[in-house]
Number of protein chains: 2
Amino acid sequence: MNDPLPQYQRLKAYVSDEIAAGRLRPGDRIPSELDLIKRFGVSRMTANRALRELEQAGAVTRVQGVGSFVAARKTEQAMFEINNIAEAVRAGGQAYGCRVIHLAAEAEPEMLAFMGLGAGTHYGRAVLLHLADGVPVQHEDRCANLAFAPHFLDQDFTCVTPYDHLMALGPLQAAEQVFEAALPGPELARLLQVPARLPCIVLRRRTWSMNMVASAARITAPSNRYRFSGVTGAVPPFGLGLPRL
Amino acid sequence: MNDPLPQYQRLKAYVSDEIAAGRLRPGDRIPSELDLIKRFGVSRMTANRALRELEQAGAVTRVQGVGSFVAARKTEQAMFEINNIAEAVRAGGQAYGCRVIHLAAEAEPEMLAFMGLGAGTHYGRAVLLHLADGVPVQHEDRCANLAFAPHFLDQDFTCVTPYDHLMALGPLQAAEQVFEAALPGPELARLLQVPARLPCIVLRRRTWSMNMVASAARITAPSNRYRFSGVTGAVPPFGLGLPRL
DNA sequence: TGACATTACATGTATATACATGTTGGGATC
DNA sequence: GATCCCAACATGTATATACATGTAATGTCA
């Protein structure tokens with residue numbers, strides 16, 4: 001019925017499972033082509049293809065003459081700038097701060113529906129206010145899948161952003177993002193310290209990792225304090241012409 | 001000094017240059033592995049690698065038993081959904097319409113600065129109102145580089161969206177997008193037929209093609225009538241079953 | 001004319017082999 | 001002990017070959 005996976009796919013799955021399971025961590029040396037040949041009985045070209053494709057996928061770094069290693073973390077960069085708000089604030093030369101508004105083991109029904117997970121799954125919810133030089137720039141209502149991040153609620157989010165914590169647990173597989181505009185409403189306006197009639201941009205995001213929904217978030221930012229932007233592709237003047245495919 | 005390019009890179013460059021130059025257009029058949037073997041005197045594995053990597057890069061679609069083709073529009077798909085508004089409306093089962101508000105050979109200074117092009121370049125500006133079942137869903141203020149799209153102002157935008165026209169002229173290289181939230185202001189509110197206090201989402205976008213800025217646009221959409229969304233990466237449980245927002 | 005087999009073509013994967021390039025460590029030599 | 005050379009290893013690329021799988025067109029036969 002179902003064909004067996006091609007050999008090179010099996011090798012890729014083997015290596016990326018080791019990474020996903022945490023047995024191989026960023027910077028670790030992964031099996032060389034010769035190792036894979038001996039372990040799986042394949043030819044070198046097959047092992048080479050597996051490792052090369054893992055490199056192209058950003059999961060692995062290869063250095064000629066030295067070996068292959070688990071890549072640091074480039075995956076998230078490619079995905080329309082899943083921004084680390086703390087880094088973005090600091091990059092602008094401002095001081096980053098965070099206030100924890102709410103922390104609970106239960107999530108709102110609306111958010112749960114958004115995450116698309118059924119009953120029997122446990123959630124952690126964190127409502128945070130991100131500050132730049134003390135001024136609120138983003139309100140974040142995040143719901144994490146505790147099956148993916150068991151210690152989500154134990155984090156001190158004034159030090160470690162949800163982004164940092166979740167990213168450390170596994171590579172980002174996919175992200176869905178929806179942009180909307182909305183008025184903040186009285187409570188949000190108070191938290192963000194903006195007039196209730198100031199339009200805010202609302203980003204709802206779901207991320208997948210380790211073959212499950214890792215977390216969902218609703219991020220609200222006053223449009224005059226924070227903008228979501230992204231560049232995809234290679235902008236010519238720097239990339240010397242067409243991005244080499 | 002500089003090593004010659006590897007063979008497979010030469011093949012990739014050859015094919016992607018043909019695409020970039022417009023000699024191969026979306027849907028066109030590209031040289032088969034056998035063609036490349038005969039033309040460049042390489043082995044089949046080398047031609048295979050070149051075409052396979054072009055496929056992974058999204059430039060080419062390959063069908064076993066049939067051939068390889070210039071990818072329809074996967075490029076733009078990968079770039080955070082540069083949506084064709086007409087298609088999006090029709091996909092929702094509504095009738096698409098477009099009203100041309102303004103058409104001129106001059107662009108606003110603000111837009112010109114945004115495009116980042118100096119003097120001596122010619123621009124065409126089109127202000128359009130996109131309708132779904134007669135209801136305005138998007139206001140588009142677009143400025144095209146006439147060096148890239150010389151016949152931009154001759155288009156009948158009630159039939160051909162700027163997207164269609166520009167996409168037909170060359171492959172998308174890069175896109176920059178900024179999302180903001182704003183109130184529409186009296187004139188826009190009148191055009192969009194919404195209350196002046198309804199928050200709208202504003203997307204400013206620049207696109208590059210053929211090594212130049214192809215066009216810039218400011219797209220305004222009432223948040224209750226249109227949403228910008230995108231998925232990046234592969235959503236795990238085989239793609240399906242995520243609750244629509 | 002319609003059904004079916006054949007053929008040509010194209011891609012998908014896998015192997016064995018070869019040579020090139022780069023790194024590293026160990027051992028011989030001075 | 002310091003230096004240099006070389007072997008072992010790892011990746012990078014290329015080739016010839018093989019078989020599998022899939023599509024499309026063609027020709028044959030009823």
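- Listed by chain and residue number, B/L34, B/D35 satisfy the side chain to side chain contact (heavy atoms under 4.5 Å, CB included) test with B/S32 (two or more places apart in sequence, or in another chain).
- With hydrogens and angles disregarded, a donor-acceptor distance shorter than 3.5 Å links the side chain of B/D133 to the backbone of B/A95.
- Judged as a side chain to side chain donor-acceptor pair (under 3.5 Å), and not counting sequence neighbours, the contacts of B/Q56 are A/E53.
- Atom P of nucleotide D/dC9 and atom CZ of A/R62 are separated by 17 Å, given to the nearest angstrom.
- Taking atom CZ of A/R10 as the reference point, atom P of C/dG12 lies 21 Å away to the nearest angstrom.
- Under the side chain to side chain contact (heavy atoms under 4.5 Å, CB included) criterion, A/A86 pairs with A/N84, A/R90, A/Y96, A/T161, not counting sequence neighbours.
- For DNA chain C, the residues of residues 37-48 of chain B within the heavy-atom distance limit of 4.0 Å (strictly under) are B/R44, B/M45, B/N48, sorted by number.
- For B/E33, the side chain to side chain donor-acceptor pair (under 3.5 Å) criterion is met by B/R44, B/N48, B/R62, not counting sequence neighbours.
- Nucleotide C/dG12 holds its C1' atom 14 Å from the CD atom of A/Q7, rounded to whole Å.
- Shown here are the ring pair (Phe, Tyr, Trp, His ring centres under 6.0 Å) partners of A/F40, two or more places apart in sequence or in another chain: A/Y14.
- Look at CD on B/E33: it is 17 Å from P on D/dT21, rounded to the nearest Å.
- Applying the salt bridge (charged side-chain N to carboxylate O under 4.0 Å, His left out) criterion to B/E18, with sequence neighbours excluded, gives B/R23.
- With sequence neighbours excluded, the residues forming a side chain to side chain contact (heavy atoms under 4.5 Å, CB included) with B/D156 are B/T158, B/C159, listed by chain and number.
- No donor-acceptor pair under 3.5 Å is formed between the side chain of A/R25 and the backbone N or O of A/V70.
- Residue B/L34 places its side chain closer to C/dA10 than to any other of C/dA10, D/dT11, D/dT13.
- The distance between atom CZ of B/R29 and atom C1' of C/dC9, rounded to the nearest whole Å, is 9 Å.
- Each end of the helix from C/dT1-D/dA30 to C/dC30-D/dG1 gets its own axis, taken as the rotation carrying the C1' atoms of four end pairs onto the next four within a five-pair window, and the two axes meet at 20° to the nearest 10 degrees.
- Using a 4.0 Å cut-off, no side-chain N or O of A/S32 falls inside it from OP1 or OP2 of D/dC9.
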Below 3.5 Å between N/O atoms, which protein atoms pair up with nucleotides 23-26 of chain C? Just atom names and distances, please.
residue, atom, partner, partner atom, Å
C/dT23, O4', A/G65, O, 3.4

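- When the side chain to side chain donor-acceptor pair (under 3.5 Å) test is applied to B/R10, the partners found at least two apart in sequence or on another chain are B/Q7.
- D/dC9 atom P lies 18 Å from atom CG of A/L51, rounded to whole Å.
- Across C/dA14, C/dT11, D/dA14, the shortest atom-to-atom separation from the side chain of A/Y8 is found for C/dA14.
- The distance from atom NZ of B/K12 to atom C1' of D/dA14 is 16 Å, rounded to the nearest whole Å.
- Atoms CD (B/E55) and P (C/dT11) sit 10 Å apart, rounded to a whole Å.
- Taking the side chain to side chain contact (heavy atoms under 4.5 Å, CB included) definition, one finds that A/Q64 meets it with nothing, sequence neighbours left out.
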